[in-house]
Amino acid sequence: MPAPARRLLPPQVHLPSGGVVRLSDAAARARAPDVFGAPAGRGGGKRASTGRCALDVQVLAGPSVVADARGAPLDPLGLPLADVHVLRALLASAGVVPEEPGSYTCENCGAPFEVAPSSLLEIGPFTDGELDDPELDRPFDFDASHPIPALRVGRAVCRGVRLVERTVEEAMPLLRLPGDGVLRVTPSLVVAMGIAALGRERRAPVIADALASAPDEAWAAVVDLYHEARYPARLVAVHRCQGCGARNDLDVPLEREIARAPLRAAGVDGTDADELGEPRAPRARASTSSAFPDLDGFEARVRAAAERIYEARGVRNIDLFIDAGVPACDDGGEPLLGCYTPGTPADALGIARPPEIRIFYRTFRAEAREDPGFDVDAEIEETIDHEVIHHLHHLAGSDPLDDEEQEQIEREQMRRVGHAEAARRARRGALSDVAGFVRATWPAWLIAAVGTALAWCAGGR
C-alpha cells in the first residue's frame with residue numbers, strides 16, 4: 001500500500017478576525033529546522049528555555065512564510081492571538097512543526113489510544129472561508145464581564161472578569177513561557193493574558209495578587225475564558241474510539257501557552273500549598289445529599305418512571321433494561337442516555353424477541369458529574385418517553401423522530417467539516433466507487449468485449 005500523501009499547508013487561509021493570508025509550504029518547511037533544530041520535530045534545548053507557542057511564531061515569522069491577501073509580507077506579531085493559533089494548528093496539521101502523539105483514554109469506555117490531535121483537524125472551513133457558523137464561529141465578547149467563581153480582590157469579592165484583545169506581540173511574555181515550567185502570576189503576565197478587569201479592579205499588580213491566591217475553581221474558570229477568547233471553537237480534533245465508537249474531542253494545537261491545572265500543588269495533608277509552601281484551608285467537602293444514586297437506586301427510579309410513562313402512553317410489553325456497562329453511541333459518536341430496539345418475530349424455533357428500551361447508567365452518571373444542574377429524574381422521564389415515542393413510530397411503520405436525529409447528526413458533521421469539503425469528499429467517494437466497480441468487474445467487461453468483437457467479425461464474413 002502506498003504511503004499517504006503528505007498534507008501541505010493550504011496556500012490561502014481565512015482567519016477568525018476576517019482577514020485572509022497566504023502561506024508558503026516550502027518556506028515554512030525551510031524555516032522549521034532553524035527554529036526547532038535538525039531534524040525538525042526534536043526541539044532539543046530550545047524547548048526547555050522557550051515556550052512552544054513562541055517557537056511556532058518564529059516559524060511563521062520566517063522569510064516568505066506568511067503574506068497578506070495581495071502577496072505582501074505579513075508580520076505575524078501584529079495578528080490577534082486567535083488568528084495565530086489557527087496558523088499554529090495548520091503548521092502542526094501539515095507536519096511542518098513537531099507534534100508528538102499524546103496518550104489518551106476514551107471518555108466513554110476507557111480504552112487507551114495515542115494520536116497527534118492536529119492530524120485530525122478539519123481545515124476545510126478555514127481554507128474555504130466558511131467561518132460563519134453562529135456557534136462555532138461566534139466571536140468572543142470582549143465588552144462583557146464574564147462570570148467566574150468568587151475570589152477575593154483586595155478587600156472586595158469578585159465574581160467577574162473582563163478580557164481585552166491581544167496581539168501576538170503583546171502576549172509574547174506569556175507565549176515564551178516553557179510549558180513545563182511553574183507559572184507565576186505577575187503583573188506582566190496579567191497584561192499579556194489581556195485581563196483588563198477583575199470585578200471593578202483594573203490595576204494589574206492587584207489582579208496578579210488576587211489570581212495568585214485564587215481558589216482553584218476560580219483560576220480554572222479564568223483559564224477557560226482565556227482559551228475561549230484565544231482559541232476558536234473549531235480548533236478541536238475528533239477521534240472516534242475504535243472500540244465503542246465514541247467521539248473524543250481533543251485540543252488543537254496540543255501544546256498551549258497556559259494550562260488549566262491548579263497553580264498550587266496539593267499538600268500531603270489534603271490541604272493546598274501556595275507558592276510559599278504555606279498551607280491553605282482545606283476545601284469544604286461536597287454535600288452528599290444530592291449525590292448521584294447508586295445502581296440499585298437508579299434502577300428503582302427508572303422503573304417507577306417507566307411504569308407511569310407506559311400507562312400514560314398506553315403501551316406495554318416493552319422490556320426495560322438498565323445497562324451499567326459501556327454505553328452505546330449514536331452515529332455521531334455521542335454516548336446515549338437510552339435507546340430503543342424493535343422486537344423480532346418468532347424464528348424457526350418459535351423464539352420471539354420483544355421490543356426493548358435500554359437505559360445507560362454510566363451516561364447519566366457522567367452527565368451529572370459534568371453538569372451540577374443535571375436533573376436526574378427529569379432526564380430519566382424524558383429519555384424513557386423519547387424511546388416510547390420511537391416504539392410508537394415503529395408500530396406505525398415510519399419513524400420521523402429517527403429521521404430527524406440522523407439529519408441532526410449529518411448537519412453537525414457538515415458544520416465541522418464544511419460544505420465545500422463535504423462536497424469534495426462525496427465526489428471522491430463516488431469516483432472511488434466507480435473505480436472499485438471497474439476493478440472488480442473488468443474480467444466480465446473484457447469477456448463481453450471479446451465476445452462482441454468475435455460476433456462482429458463473424459457477422460462481417
Worksheet item: Could you give the distance from CG (Leu60) to CG (Leu77), rounded to the nearest 0.5 Å?
Response: 9.5 Å
Worksheet item: Between Asp402 and His390, does any side-chain donor sit less than 3.5 Å from a side-chain acceptor?
Response: no
Worksheet item: Taking it one step at a time, do Leu163 and Ile195 satisfy side-chain contact (heavy atoms from CB on, under 4.5 Å)?
Response: CA-CA 5 Å; Leu163 303 180; Ile195 301 177; 3.7 Å; yes
Worksheet item: Would you call the rings of Tyr231 and His85 parallel, tilted or perpendicular, where under 30° means parallel and over 60° means perpendicular?
Response: parallel
Fill in: Any side-chain heavy-atom pair of Leu74 and Val21 under 4.5 Å
yes
Worksheet item: What pair of heavy atoms forms the shortest contact from Pro262 to Trp219, and how long is it?
Response: CA-CD1, 4.5 Å
Worksheet item: Got a second to check how far Leu131's CG is from Leu15's CG, nearest 0.5 Å?
Response: 8.5 Å
Worksheet item: Hey, are the side chains of Leu183 and Leu189 touching, using non-hydrogen atoms and a 4.5 Å cut-off?
Response: yes
Worksheet entry | 4.5 Å side-chain heavy-atom contact, Phe364 and Glu379 | yes
Item to complete: Keeping the roles fixed (side chain from Arg22, backbone from Pro11), state whether a donor-acceptor pair exists under 3.5 Å.
Response: no
Worksheet item: Going from CG on Leu91 to CZ on Arg29, what distance comes out if it is rounded to the nearest 0.5 angstrom?
Response: 9.5 Å
Worksheet item: Are any of the side-chain heavy atoms of Ile384 and Ile380 separated by less than 4.5 Å?
Response: yes
Worksheet item: With a 3.5 Å cut-off and no angle check, do the side chains of Ser93 and Arg7 form a donor-acceptor pair?
Response: yes
Worksheet item: Under 4.5 Å between any side-chain heavy atoms of Ile207 and Val185, yes or no?
Response: no
Item to complete: Output yes when a side-chain donor or acceptor of Asp137 lies under 3.5 Å from a complementary backbone atom of Asp132, and no otherwise.
Response: yes
Worksheet item: What distance separates Cys53 SG from Arg256 CZ, expressed to the nearest 0.5 Å?
Response: 9.5 Å
Item to complete: Start with the C-alpha gap between Arg416 and Glu412, add the side-chain angles, then the distance that decides, and say whether salt bridge (charged side-chain N to carboxylate O under 4.0 Å, His left out) holds.
Response: CA-CA 6 Å; Arg416 190 172 62 86; Glu412 179 64 27; over 6 Å; no
Worksheet item: Quick one: does Asp330's side chain have a donor or acceptor within less than 3.5 Å of a partner on Gly333's backbone?
Response: yes
Fill in: Ionic contact status for Glu257 with Arg166, cut-off 4.0 Å
no
Discussion item. Using every non-hydrogen atom in the two residues, find where Ser118 and Pro253 come nearest and quote the distance to one decimal.
Written reply: OG-CA, 4.1 Å
Worksheet item: With sequence neighbours left out, which residue pairs that include part of residues 147-159 fulfil the side-chain hydrogen bond (donor to acceptor under 3.5 Å, both in side chains) condition?
Response: none
Discussion item. Going by ring-ring contact (aromatic ring centres under 6.0 Å, His included), name the residues that satisfy it together with His394, two or more places apart in sequence or in a different chain.
Written reply: none
Discussion item. Using a 3.5 Å distance criterion without hydrogens, assess whether the side chain of Asp25 forms a donor-acceptor pair with backbone atoms of Leu9.
Written reply: yes
Worksheet item: Who pairs with Thr167 by side chain to side chain contact (heavy atoms under 4.5 Å, CB included), at least two apart in sequence or on another chain?
Response: Glu169, Glu170
Response to the item:
Smallest heavy-atom separation, Val168 atom then Pro76 atom, equals CG2-O, 3.5 Å
Fill in: Student check: side-chain heavy atoms of Thr363 and Leu336 closer than 4.5 Å
no
Worksheet item: Under 4.0 Å between a Lys/Arg side-chain N and an Asp/Glu carboxylate O for Arg415 and Glu410?
Response: no
Practice prompt. Answer yes or no: is there a side-chain heavy-atom contact under 4.5 Å between Pro125 and Arg234?
Written response: yes
Discussion item. Working note: Leu235 + Phe126, criterion side-chain contact (heavy atoms from CB on, under 4.5 Å); need CA distance, chi angles, decisive distance, verdict.
Written reply: CA-CA 10 Å; Leu235 292 184; Phe126 297 111; 4.1 Å; yes
Practice prompt. Evaluate whether atom CD of Glu307 has more than 12 neighbouring non-hydrogen atoms of other residues, nucleotides or ligands under 6.0 angstrom away.
Written response: no
Item to complete: May I ask you to decide whether Arg308 forms a salt bridge with Glu381, counting only side-chain N to carboxylate O separations under 4.0 Å?
Response: yes
Worksheet item: Does Pro327 offer a backbone N or O that forms a donor-acceptor pair with the side chain of Arg358 under 3.5 Å?
Response: no
Worksheet item: Hey, mind stepping through Glu367 and Phe292 against side-chain contact (heavy atoms from CB on, under 4.5 Å) and telling me if it holds?
Response: CA-CA 10 Å; Glu367 291 288 341; Phe292 191 79; over 6 Å; no
Fill in: Result of checking Glu255, Glu99, Glu100 against Arg52 for salt bridge (charged side-chain N to carboxylate O under 4.0 Å, His left out)
Glu255
Discussion item. Minimum heavy-atom separation for Asn248 and Glu107, please, with both atom names.
Written reply: OD1-N, 2.9 Å
Worksheet item: Once you round to the nearest 0.5 Å, how far does CG of Leu81 lie from OG of Ser17?
Response: 11.5 Å
Response to the item:
In terms of heavy-atom contacts, Met172 and Val57 come closest through CE-CG1, 4.2 Å
Fill in: For Tyr340, ring-ring contact (aromatic ring centres under 6.0 Å, His included) partners two or more places apart
His391
Discussion item. Is it the case that atom CD in Glu122 sees more than 12 heavy atoms from other parts of the structure closer than 6.0 Å?
Written reply: yes
Practice prompt. Would you check, one step at a time, whether the test side-chain contact (heavy atoms from CB on, under 4.5 Å) holds for Val59 with Phe36?
Written response: CA-CA 9 Å; Val59 174; Phe36 285 91; 3.8 Å; yes
Worksheet item: When you look at CZ of Arg411, are more than 12 heavy atoms from neighbouring residues, nucleotides or ligands closer to it than 6.0 Å?
Response: yes
Fill in: Residue list, side chain to side chain contact (heavy atoms under 4.5 Å, CB included) with Ala420, at least two apart or on another chain
Asp128, Glu130, Arg424
Worksheet entry | Tyr361 versus Leu295, closest heavy-atom pair with distance | OH-N, 3.5 Å
Practice prompt. Give a yes or no on whether Arg303 atom CZ has more than 12 heavy-atom contacts from other residues, nucleotides or ligands under 6.0 Å away.
Written response: yes
Worksheet item: With sequence neighbours left out, what residues match His14 under ring-ring contact (aromatic ring centres under 6.0 Å, His included)?
Response: none
Worksheet item: Any side-chain heavy-atom pair from Pro215 and Pro149 closer than 4.5 angstrom?
Response: no
Worksheet item: CD of Glu228 to CG of Asp141: how many Å apart, nearest 0.5 Å?
Response: 9.5 Å
